[in-house]
Amino acid sequence: MTVSEPRTPHAVSAVTDAGEGTDEERALFESVIADDKRIEPRDWMPSAYRRTLVRQMSQHAHSEIIGMQPEANWITRAPSLKRKAILMAKVQDEAGHGLYLYSATETLGTGRDVLNDQLIQGKARYSSIFNYPAPTWADMGAIGWLVDGAAIVNQVPLCRASFGPYARAMVRICKEESFHQRQGFEILLELMQGTLAQQEMAQDAVNRWFAPSLMMFGPPDAESTNSAQSMAWNIKRFSNDELRQRFVDMLVPQAEVLGITFPDPELAWNEERGHYDFGELDWDEFAEVLAGRGPCNAQRLQRRRDAHNDGAWVREAAAAYARKTAARAVEGAAA
Ligand code: FAQ
């Protein structure tokens, strides 16, 4: 099997709890999945399918929102007006992605207030990658090229996810991520054509973001607890390791254009496999980051909590306005 072909999706049954729903509802759900069609919010679905979607989609939404922080820090320090405008547009796009994804998750019956509470109370996951620092301008290039690059490779197959609102949200998100990746590549290209100090700054940023960006695809397949079921439901189309391999194969020729190297002595073309081999990642580090002990976990969450608290007056004002408008409508109807 090549990595460009989806795996046969039905290694695990689509309906996991035979006690749920009527025979007809279960059969309809099974046939929609088997025919690779879309489940929509009003359709019957197994509660485990709903839970998995809420988990994955909300984690994804949280990642977009927390993911604004490393780059937002650089808006005031971007080296030119052009770079500032581009970076602002990108960070704004990430906020938009978070909003589409929270809205799509709400169609499954879990409100955004609940999801937001889970995030600020530290009970929800978001992507490991956003717990690393971005100390130099070159980090903006490395994030765009590597982080958005990994996001695209992971997310293009999600445009065909079996849940309609998620799949449709992903189409627009992926288009915007392609622009993000290119702007990151272009920042690095400019630095690599600059002074020695600029070249070193670009190389240093890539050295720091390379392995964490490969970890974005999740644990190795053997340790991926959710993959088999998510693939049976046509939510995931490729395994974590398949997508990681695809990403490495895509990056190496791009790195050659940039004149940048990766900090992996085992990275080499394997003629027999038709893919690049690469070294084992530090899965202990990944576990530490997931456990909340990465370099910036505490800082990222605190910043999100502060932003939420700072926004209290906006929520109160909006609620007061809604109450006033509703009361006026009642008065108007009575008059
Ligand atoms: N970080 O069984 P699997 C972006 C957890 S958006 C943290 O393999 P699954 C755009 C996983 O949740 C980036 N946790 O899980 C941007 C599970 O724990 P749970 C976000 C991770 O769901 C760019 C456990 O490990 N993208 O970058 C990670 O089948 C620049 C076992 O793992 C998405 O969310 C991780 N890296 O596969 C924004 C894409 N990996 O929940 C701003 C949608 C795994 O059972 C600036 N999500 N875990 O407690 C997915 O495709 C999947 O959820 C995976 C994980 C592939 C992330």
Side-chain angles (χ1 to χ4, degrees), residues 12 48 51-74 87 89-98 100-101 104-105 118 123-132 134 139-161 163 166-167 169-170 173-174 176-181 183-184 209 211-233 235-244 246-247 281 283 285-292 294 297 300:
V12 178
R51 270 198 310 277
T52 285
L53 284 167
V54 170
R55 175 186 65 79
Q56 178 167 327
M57 291 162 65
S58 62
Q59 286 177 1
H60 193 165
H62 298 328
S63 306
E64 300 280 357
I65 297 300
I66 296 280
M68 293 163 72
Q69 292 185 32
E71 291 172 294
N73 276 339
W74 274 94
L87 192 58
K90 180 180 191 287
V91 173
Q92 205 170 318
D93 283 351
E94 312 299 0
H97 298 174
Y100 313 150
L101 288 165
T105 312
Q118 290 169 351
K123 293 181 186 158
R125 289 199 194 287
Y126 59 86
S127 183
S128 49
I129 193 75
F130 301 115
N131 294 305
Y132 291 86
D139 288 75
M140 299 304 98
I143 290 176
W145 181 41
L146 298 175
V147 177
D148 288 277
I152 296 170
V153 171
N154 171 253
Q155 290 166 203
V156 165
L158 293 173
C159 299
R160 293 188 295 118
F163 185 58
Y166 191 27
M170 291 318 303
I173 291 176
C174 285
E176 293 177 350
E177 300 291 21
S178 320
F179 150 71
H180 296 169
Q181 193 202 13
Q183 68 84 39
W209 288 94
S213 73
L214 264 55
M215 291 176 189
M216 286 174 71
F217 294 93
D221 289 353
E223 277 139 54
S224 170
T225 43
N226 302 300
S227 279
Q229 184 61 69
S230 291
M231 287 170 90
W233 279 326
I235 297 171
K236 279 172 98 159
R237 300 285 178 160
F238 300 97
S239 77
N240 299 354
D241 286 333
E242 284 170 329
L243 291 175
R244 197 175 354 259
R246 185 185 288 194
F247 181 54
L281 295 164
W283 294 111
E285 175 183 312
F286 181 71
E288 282 294 291
V289 173
L290 261 61
N297 292 58
R300 299 288 186 238

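We're numbering straight along the sequence, starting at 1. Both ligands and their constituent atoms are indexed starting at 1 by order of listing.
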What protein heavy atom lies closest to [atom]? Include the residue and the distance to one decimal.
atom                    : answer
atom 45 (O) of ligand 1 : Asn226 ND2, 3.1 Å
atom 22 (O) of ligand 1 : Arg55 NH1, 3.0 Å
atom 12 (O) of ligand 1 : Gln59 OE1, 3.0 Å
atom 42 (C) of ligand 1 : Glu94 CD, 3.3 Å
atom 28 (C) of ligand 1 : Phe286 CZ, 3.6 Å
atom 23 (C) of ligand 1 : Asp148 OD1, 3.3 Å
atom 50 (C) of ligand 1 : Gln56 NE2, 3.5 Å
atom 25 (O) of ligand 1 : Leu290 CD2, 3.8 Å

With a 4.5 Å limit on heavy-atom distance, are the side chains of [X] and [Y] in contact?
X      : Y      : value
Phe286 : Leu281 : no
Phe238 : Asn154 : no
Val289 : Tyr132 : yes
Tyr126 : Asn131 : yes
Val147 : Pro70  : no
His60  : Met170 : yes
Gln181 : Val153 : no
Gln56  : Asn226 : no

Give the atoms of ligand 1, by number and element, whose distance to some non-hydrogen atom of [X] is under 4.0 Å.
X      : result
Asn154 : 39 (C), 43 (C), 51 (O), 56 (C)
Gly67  : 42 (C), 46 (C)
Glu177 : 10 (C)
Gln155 : 6 (S), 26 (N)
Tyr126 : 1 (N), 7 (C)
Thr225 : 2 (O), 31 (C)
Ser128 : 1 (N), 7 (C), 35 (C), 36 (N)
Gly218 : 40 (N), 44 (C)

Got an N/O contact under 3.5 Å between [X] and ligand 1?
X      : value
Lys236 : yes
Lys90  : no
Ser224 : yes
Ser63  : no
Tyr166 : no
Arg125 : yes

- Message: Tell me the nearest of Met170, His60, Glu71 to atom 33 (C) of ligand 1, using heavy-atom distances.
- Response: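 Going through Met170, His60, Glu71 one by one, His60 has the nearest heavy atom to atom 33 (C) of ligand 1.
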- Message: Measuring from atom 4 (C) of ligand 1, which candidate in Ala151, Gly149, Ser227 has the nearest non-hydrogen atom?
- Response: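 Ranked by closest heavy atom to atom 4 (C) of ligand 1, first place is Ala151.
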For ligand 1, note which part of [X] has a heavy atom under 4.0 Å away: side chain, backbone, both or neither.
X      : result
Met216 : both
Ile129 : neither
Phe130 : side chain
Val289 : neither

- Message: Quick one, Glu242 with Arg246, criterion salt bridge (Lys or Arg N to Asp or Glu O under 4.0 Å). Give me CA distance, side-chain angles, the key distance, then yes/no.
- Response: CA-CA 6 Å; Glu242 284 170 329; Arg246 185 185 288 194; over 6 Å; no
- Message: Ring of Phe130, cation from Arg300 - is the NZ or CZ under 6.0 Å from the centre and inside 45° of the axis?
- Response: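 Judged by the rule (NZ or CZ under 6.0 Å from the ring centre, within 45° of its axis), Arg300 is not positioned above Phe130.
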Between the side chain of [X] and the main-chain N/O of [Y], is any donor-acceptor distance below 3.5 Å?
X      : Y      : value
Asp148 : Ser178 : no
Trp74  : Asp139 : no
Asn240 : Phe217 : yes
Asp93  : Glu177 : no
Arg244 : Gly218 : yes

- Heavy-atom distance from atom 54 (C) of ligand 1 to the protein below 4.0 Å?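 Protein heavy atoms within 4.0 Å of atom 54 (C) of ligand 1 - there are none.
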- Query: So Gln59 and His62, side-chain hydrogen bond (donor to acceptor under 3.5 Å, both in side chains) or not? Walk me through it.
  - Reply: CA-CA 5 Å; Gln59 286 177 1; His62 298 328; over 6 Å; no
- Item | Side-chain donor-acceptor pair present, His180, Gln183, cut-off under 3.5 Å |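 Short answer, no.
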- Heavy-atom contact under 4.0 Å between Pro219 and ligand 1?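 The answer is yes: ligand 1 sits under 4.0 Å from a heavy atom of Pro219.
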